[in-house]
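Just so you know, these numbers come straight off a predicted model, no measurement behind them.
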Amino acid sequence: MTTTLLRTAGELHARVRKGRRAVVMTMGALHEGHATLVRTARDLAGPDGEVVVTVFVNPLQFGAGEDLDRYPRTLDADLALAGRSGADVVFAPAVEEVYPGGEPQVRISAGPMGERLEGASRPGHFDGMLTVVAKLLHLTRPDIALYGQKDAQQLALIRRMVRDLNFGVEIAGVPTVREEDGLALSSRNRYLSAPERRTALALSRALFAGRDRHAAQEALRARAREVPATRARAEALSALGESRAAADTHAVATAAPGSPAAVRAAARQVLDEAARLDPPLKLDYLALVDPSDFTEIGEDFTGEAVLAVAARVGTTRLIDNIPLTFGTFGAAS
């Protein structure tokens, strides 16, 4: 389809709107993860609606020493990919269009949730992110805006901002897209050398190890519920292959469903091994958090959670996460 490139909000506002407008916000260097967002936006907007992809490298969300200057800028390729994926418009404003008076004196504060995990590692990042998201929502005036779940804390903060400040827009999260080897798609993956990429696979492997441990525990406890709380129960658990030096069958049988500690431990083991590789993985954080506020969950937690990791390989910093459900036997996302 023909995709129109627009540089100013005035040009965008002059378009005749038909149906719903869905917006996908990006910093460019588009890949298949972005394409999935655009295709989902196309489905949600419908044949009579409009899909707008924004391409803007926001200087406010880059801290000192981060990769603002070398962040890839590939507008021609972005325009082509957006068009193939179903976008009607690519809105690629200059910095002066988004911040006409220079850096804004009034900004959105991310609050306490914005100071945890990514916020602790990148002070001010989420304030800058929310400020530009707020401005782009005003400039593009969508009915719905879509964001990837790979940036789980970002998505949670955008939802919180929209709710707390009464933005009249629907926010939709789209599941993480991965490459065949499991690495979450990111514009920064192109920075990785071949050896660095092999090390970087530890991020997704760690998350999958935590997920698999969680699923095994949930299945084990579901089975254990069917066995009387006697010696036969311990024997049944042993038959399931769950007797280990670190946890006897009685402990496993009586542990809280899902055991967040065991999930963390399984993921941590993979990351510890990756720290000894060449090149090594340098862990920033591994966290198992409540997505409502991104605080660590306790052993008695039930409900939706996010297992999140951030690490540096060489000079490239990568993040990843997966959702998990605690307290429902057999439920692991």
Side-chain angles (χ1 to χ4, degrees), residues 26-37 66-67 70-72 74 77 81 117-118 120-122 125 147-155 173-218 246 258-289 291 294 296 305-325 332-333:
T26 82
M27 292 205 300
L30 303 188
H31 49 64
E32 182 57 28
H34 296 110
T36 299
L37 284 166
E66 293 189 337
D67 57 349
R70 73 169 183 144
Y71 195 87
T74 57
L81 185 147
L117 301 187
E118 284 298 290
S121 298
R122 307 175 65 189
H125 166 72
Y147 302 89
Q149 291 177 359
K150 183 178 80 69
D151 298 293
Q153 193 172 4
Q154 169 179 282
L155 175 59
V174 178
T176 301
V177 178
R178 299 183 180 278
E179 302 194 38
E180 290 185 2
D181 57 11
L183 189 67
L185 282 172
S186 169
S187 300
R188 291 184 169 92
N189 289 353
R190 67 187 66 195
Y191 298 156
L192 298 168
S193 67
E196 289 171 343
R197 184 185 173 88
R198 287 193 292 271
T199 296
L201 292 176
L203 273 77
S204 56
R205 287 204 309 269
L207 297 178
F208 298 157
R211 177 197 62 192
D212 293 346
R213 179 61 183 154
H214 175 66
Q217 290 179 136
E218 294 289 293
S259 185
V263 171
R264 292 185 182 97
R268 172 73 68 170
Q269 181 177 352
V270 175
L271 298 169
D272 288 346
E273 292 170 356
R276 297 189 289 272
L277 297 177
D278 183 19
L281 180 142
K282 298 179 181 178
L283 182 64
D284 188 344
Y285 62 76
L286 171 69
L288 185 55
V289 299
F294 273 71
E296 289 281 353
V306 172
L307 181 62
V309 63
R312 192 174 296 275
V313 182
T315 60
T316 303
R317 187 175 183 276
L318 300 170
I319 64 172
D320 200 354
N321 72 84
I322 56 171
L324 298 172
T325 303
S333 301

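Here N189 contributes atom CG and T316 contributes atom OG1; the two are 8.5 Å apart, rounded to the nearest 0.5 Å. Atom CG of L201 is separated from atom CG of D181 by 4.5 Å, given to the nearest 0.5 angstrom. Atoms CD1 and CG, on I319 and L117 in that order, are 10.0 Å from each other to the nearest 0.5 Å. Atom CG of residue L203 and atom CG of residue L183 lie 7.5 Å apart, to the nearest 0.5 angstrom. Distance check, rounded to the nearest 0.5 Å: CG of L30 to OG1 of T74 gives 6.5 Å. Separating the CG atom in D320 from the CZ atom in F208 is a distance of 7.0 Å, to the nearest 0.5 Å.
The two residues R178 and I322 come nearest to each other via the heavy atoms NH2-CG2, 3.7 Å. Nearest heavy atom pair, residue G28 against residue Y71, reads O-OH, 4.4 Å. When all heavy atoms of L37 and Y147 are compared, the pair lying nearest together is CD2-C, 3.7 Å. Closest of all the heavy-atom pairs between E118 and A310 is OE2-CB, 3.7 Å. Of all non-hydrogen atoms in L283 and L286, the two that sit nearest each other are CD1-N, 4.3 Å. Residue L307 comes nearest to L207 through the heavy atom pair O-CD2, 3.4 Å, listed as atom of the first residue, atom of the second, then distance.
Put simply, the side chain of N321 gets close to the backbone of K150: a donor and an acceptor are under 3.5 Å apart.
Considering only heavy atoms from C-beta on, Q149 stays 4.5 Å or farther from V306 through its side chain.
With sequence neighbours left out, the side chain to side chain donor-acceptor pair (under 3.5 Å) criterion links Q153 to no other residue. Residues meeting the side chain to side chain donor-acceptor pair (under 3.5 Å) test with E196, sequence neighbours left out: S193. Applying the side chain to side chain donor-acceptor pair (under 3.5 Å) criterion to R205, with sequence neighbours excluded, gives no partner residue. Annotation: ring-ring contact (aromatic ring centres under 6.0 Å, His included) contacts of H125 (sequence neighbours excluded): none. Applying the side chain to side chain donor-acceptor pair (under 3.5 Å) rule to R190 yields no partners; only residues at least two apart in sequence or on another chain are considered.
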Yes or no on side chain to side chain contact (heavy atoms under 4.5 Å, CB included) for R264 and E296, after CA distance, side-chain angles and deciding distance? CA-CA 11 Å; R264 292 185 182 97; E296 289 281 353; 2.9 Å; yes
As a quick check of understanding, evaluate side chain to side chain contact (heavy atoms under 4.5 Å, CB included) for L192 and L318, giving each step before the final call. CA-CA 10 Å; L192 298 168; L318 300 170; 4.0 Å; yes
Could you go step by step and tell me if R312 and D284 meet the side chain to side chain contact (heavy atoms under 4.5 Å, CB included) rule? CA-CA 7 Å; R312 192 174 296 275; D284 188 344; over 6 Å; no
With side chain to side chain contact (heavy atoms under 4.5 Å, CB included) as the criterion, how do H34 and S187 come out once you've worked through the C-alpha distance, each side chain's angles and the decisive distance to 0.1 Å? CA-CA 10 Å; H34 296 110; S187 300; 3.7 Å; yes
Which atom pairs, donor and acceptor, lie under 3.5 Å between side-chain atoms of residues 271-280 and protein residues at least two apart or in another chain?
| from | atom 1 | to | atom 2 | distance (Å) |
| --- | --- | --- | --- | --- |
| R276 | NH1 | D272 | O | 3.4 |

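Put simply, the residue from E32, R197, H31 that forms a side chain to side chain contact (heavy atoms under 4.5 Å, CB included) with E179 is R197.
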